[in-house]
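Side chains are part of it too, since the values below use all heavy atoms of this structure and drop only hydrogens, waters and symmetry mates.
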2 protein chains.
Amino acid sequence: MQEFQDRYPRPIATVDAVILTLSDGRLQVLLHRRPEAPFSGAWGLPGGFIRQDEDHDTEGAIGRVLREKAGTSGFWVEQLATFSGPVRDPRGWSISVAYMALVPRDRLPVDTDTVRLFDVDALPPLAFDHAAIVAAGLERLRGKGAYSTLPATLLGEVFTLKDLQNAYEVVLGRTLDTSSFRRRLNEMRLVEEVPGAERRQTGSGRPSKVFRLARDPHTFDRTLGGAV
Amino acid sequence: MQEFQDRYPRPIATVDAVILTLSDGRLQVLLHRRPEAPFSGAWGLPGGFIRQDEDHDTEGAIGRVLREKAGTSGFWVEQLATFSGPVRDPRGWSISVAYMALVPRDRLPVDTDTVRLFDVDALPPLAFDHAAIVAAGLERLRGKGAYSTLPATLLGEVFTLKDLQNAYEVVLGRTLDTSSFRRRLNEMRLVEEVPGAERRQTGSGRPSKVFRLARDPHTFDRTLGGAV
DNA sequence: ACAATAGTGTCTTTAAGACATTATTCA
DNA sequence: TGAATAATGTCTTAAAGACACTATTGT
């Protein structure tokens, strides 16, 4: 696999995942406590070395990591950016290909001593440059939030329109007008009603209909919730 | 530099640049003919191995490549994505961190046998997966074009508003309404007149004023040229 | 009935598109 | 003066925001 004569030394190569979810109306990121050096005992992003015999590419490598940390696949994953340099990893010149995964809360494990969800605005000190990687994930989600269905992928398969609006509001960091929001949902045919049962929330009040994403495209030509 | 014991073999790590420019009203990409294997004689993107003793990170590595190919720096550079896998490079499992650079035409060298500009819609067969990397660059530029000043960075320091509109039109692949375009430029205070001389184009006709970018932000909350 | 939550209608405001008009230069 | 190009004005259309209103449930 490595027959050719390198002119230059090769860097350490890893993948890291910013796994985001929505819990109690707050955006959270999954961290794990590092069991070994470097940064043993510190919180960090799930990740690992590329395995050339197992991984078809870095996408495959991150899929392997996600399967270990978040059960099966099927949720939204996209590449964020690649972080590199001689100092970010004390073991030497390294490259980390970072990915963002948007996962419904119930697909993630419950908190333990070594794996926990943290509010994205209340992170502990992180290993490596993982704070910058999380920041890149948040920036991506917030940037694409207004003109994509990414916020919806933080919810389960089905959801109420109130849930959906809440997801957008949390991602975008501001309140949205219900009337405008639903008008756009309708005009863009983004959601469709699920023939199944109804659902009620917070005690009394009228129960809300249940919806699911209708179209495949995850980005579109108008915004949900006004300008970015 | 490589004292720590690897559990897994390291991949080959390179950087590649999609250098885009505007020439004769067409979007073009700089390619070079590969002087040696692999893909000797084929056209490919400028790029190279990471040099751990010289490069502070992959951004530094691409800066080195760009200085060699496009003179000094100072133009727009941003990371695109990372391409990886066991087959894209016949030498073994490899990672390429791809960057996009937007460079005014006069900053680039004139065509030679080994370095040439190609229209982005008339590319020759490319080495490695460089066709996919170019496609990623175009997608990024087109995606960000409508709500950023990226198209302006394809021009020189100063330009006429007609030049600027042409740049947006080429990037977005459609015509824009001059009135709307300029209204937005004004409302967003994106350009400012240069106190210097005037300039005339294409024979007779009224000469046009000369402008330059006014504000630093490269993206903003409204689009130039309508919806994406 | 009324509190609570879900969902809709309508008016206003703002931005974009279409397109006509004015301005300034050269031949 | 007229052709050519630059620059601006105005009307129409479309979308977003504000906010009042109706609808459906439980107690």
Side-chain angles (χ1 to χ4, degrees), chain A residues 25 145-148 151 155 158-169 172-194 196-212 214 219-228, chain B residues 25 145-148 151 155 158-169 172-194 196-212 214 219-228:
Chain A
Y147 56 94
S148 75
L155 304 173
V158 300
F159 42 77
T160 67
L161 297 187
K162 179 126 289 204
D163 290 342
L164 188 59
Q165 184 176 339
N166 282 339
Y168 274 89
E169 288 178 337
L172 299 177
R174 59 198 164 82
T175 59
L176 300 178
D177 179 77
T178 305
S179 177
S180 304
F181 183 74
R182 296 190 179 197
R183 179 170 48 209
R184 282 189 297 272
L185 286 179
N186 284 333
E187 285 169 356
M188 299 168 85
R189 299 262 192 284
L190 285 181
V191 296
E192 62 187 15
E193 206 177 328
V194 179
E198 309 243 320
R199 179 168 158 190
R200 91 180 42 99
Q201 243 176 339
T202 329
S204 61
R206 172 176 174 178
S208 52
K209 295 179 184 167
V210 173
F211 291 80
R212 64 182 167 217
T219 61
F220 29 80
D221 65 346
R222 290 169 56 198
T223 66
L224 278 165
V228 259
Chain B
Y147 57 93
S148 74
L155 305 173
V158 301
F159 42 77
T160 67
L161 297 187
K162 178 126 290 204
D163 289 341
L164 189 60
Q165 184 176 339
N166 281 339
Y168 274 89
E169 288 179 338
L172 298 176
R174 59 199 165 81
T175 59
L176 301 178
D177 179 76
T178 306
S179 176
S180 305
F181 182 74
R182 298 190 178 197
R183 179 170 49 208
R184 283 189 296 269
L185 286 179
N186 285 332
E187 284 168 356
M188 300 167 84
R189 300 263 192 283
L190 284 181
V191 296
E192 61 187 14
E193 208 178 327
V194 178
E198 309 243 320
R199 181 167 155 188
R200 89 181 39 100
Q201 241 177 340
T202 330
S204 62
R206 172 176 174 177
S208 52
K209 294 180 186 169
V210 173
F211 292 80
R212 63 183 168 216
T219 61
F220 27 82
D221 64 348
R222 289 168 57 197
T223 65
L224 278 165
V228 258

To the nearest angstrom, how far is [X] atom [atom1] from [N] atom [atom2]?
X: A:N166; N: C:dT5; atom1: CG; atom2: C1'; value: 13 Å
X: B:K162; N: C:dA23; atom1: NZ; atom2: P; value: 18 Å
X: A:L164; N: C:dA6; atom1: CG; atom2: C1'; value: 15 Å
X: B:F159; N: D:dA6; atom1: CZ; atom2: C1'; value: 16 Å
X: A:E187; N: D:dT13; atom1: CD; atom2: C1'; value: 14 Å
X: A:R206; N: D:dG26; atom1: CZ; atom2: C1'; value: 14 Å
X: A:F181; N: D:dA15; atom1: CZ; atom2: C1'; value: 16 Å
X: A:D177; N: C:dT14; atom1: CG; atom2: C1'; value: 15 Å

Query raised in the report: Where each residue is assigned the nucleotide of DNA chain C containing its nearest heavy atom, which of B:T178 and A:L161 is assigned the position nearer the 5′ end?
Result: A:L161

**Report entry** Closest-nucleotide ordering on DNA chain C, the 5'-leading residue of B:S179 and A:N186
**Finding:** A:N186

Query raised in the report: D:dG9 base to B:R183 side chain: any donor-acceptor pair below 3.5 Å?
Result: no

Query raised in the report: Nearest of D:dA6, C:dT25, D:dG17 to any side-chain atom of B:P207?
Result: C:dT25

Query - B:F159/B:F211 aromatic ring centres below 6.0 Å - result: no

Requested in this report: Tell me, with the steps shown, if A:F181 and A:L161 meet side-chain contact (heavy atoms from CB on, under 4.5 Å).
Outcome: CA-CA 9 Å; A:F181 183 74; A:L161 297 187; 5.5 Å; no

**Report entry** Sidechain N-carboxylate O distance under 4.0 Å for B:E169, B:R174
**Finding:** no

Query raised in the report: Counting just side-chain N and O atoms, does A:R184 come under 4.0 Å of either OP1 or OP2 of D:dG17?
Result: yes

**Report entry** Distance test, side-chain N/O of A:R182 to OP1/OP2 of C:dG7, below 4.0 Å
**Finding:** yes

Report task. Dump the intermediate steps for side-chain contact (heavy atoms from CB on, under 4.5 Å) on A:Q165 and A:T178, then the final yes or no. Result -> CA-CA 8 Å; A:Q165 184 176 339; A:T178 305; 3.3 Å; yes

Query raised in the report: Could you go step by step and tell me if B:N186 and B:V191 meet the side-chain contact (heavy atoms from CB on, under 4.5 Å) rule?
Result: CA-CA 7 Å; B:N186 285 332; B:V191 296; 5.6 Å; no

